[in-house]
A.B. asks: 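Structure incoming, see below.
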Amino acid sequence: MTVRDDKVNFEGQDISVEELAQIAGFLQVFVGMEGLKRGLDMDDVKNNMLDIHLAAMETLEEQLRAGKLDPDDSS
């Protein structure tokens, strides 16, 4: 992963779901640190990150309700 001029470049191949989860955690820390550097306080960072997480989980729930995702599909 590289960052230049406020742009993030990331490449990966053959990443397991577990590794992808670890990368997601790293990216959360990275974004949080950037927020702190830009003047947000820790509560703002936590609230913003929680809002992002909750929105993502709501999208997941909506897709499950609409039948667009099969939680039993292992592919």
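Position 1 is the first residue of the sequence, and the numbers go up from there.
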A.B. asks: Please give me the minimum heavy-atom distance between I15 and L20, naming the atom from each residue.
C.D. replies: CG2-N, 3.6 Å

A.B. asks: How many angstroms lie between CG in D43 and CG in N48, if you round to the nearest 0.5 Å?
C.D. replies: 10.5 Å

A.B. asks: With rounding to the nearest 0.5 angstrom, report the CG to CE distance, N47 to M42.
C.D. replies: 10.5 Å

A.B. asks: Can you list every pair that meets salt bridge (Lys or Arg N to Asp or Glu O under 4.0 Å) and has a residue in residues 58-69, with sequence neighbours left out?
C.D. replies: E58-R65

A.B. asks: Any link between V17 and L60 through a network of hydrophobic side chains (Ile, Leu, Val, Met, Phe, Trp, Tyr) touching at under 4.5 Å?
C.D. replies: no

A.B. asks: Show the numbers, then the answer: is there a side-chain contact (heavy atoms from CB on, under 4.5 Å) between F10 and L27?
C.D. replies: CA-CA 11 Å; F10 174 82; L27 291 172; 5.9 Å; no

A.B. asks: Suppose we screen for side-chain contact (heavy atoms from CB on, under 4.5 Å). Which residues come up paired with V31, at least two apart in sequence or across chains?
C.D. replies: M49

A.B. asks: So for atom CE, which belongs to M33, do other residues, nucleotides or ligands contribute more than 12 heavy atoms lying within a distance under 6.0 Å?
C.D. replies: no

A.B. asks: In Å, rounded to the nearest 0.5 Å, how long is the span from OG1 of T59 to CG of L64?
C.D. replies: 11.0 Å

A.B. asks: Are M57 and L50 connected in the hydrophobic side-chain network, where two residues link if heavy atoms are under 4.5 Å apart?
C.D. replies: no

A.B. asks: Run the side-chain contact (heavy atoms from CB on, under 4.5 Å) check on V3 and E34 step by step: do they pass?
C.D. replies: CA-CA 11 Å; V3 181; E34 284 300 311; over 6 Å; no

A.B. asks: Tell me which pairs pass salt bridge (Lys or Arg N to Asp or Glu O under 4.0 Å) where either residue lies in residues 2-22, with sequence neighbours left out.
C.D. replies: D6-R38

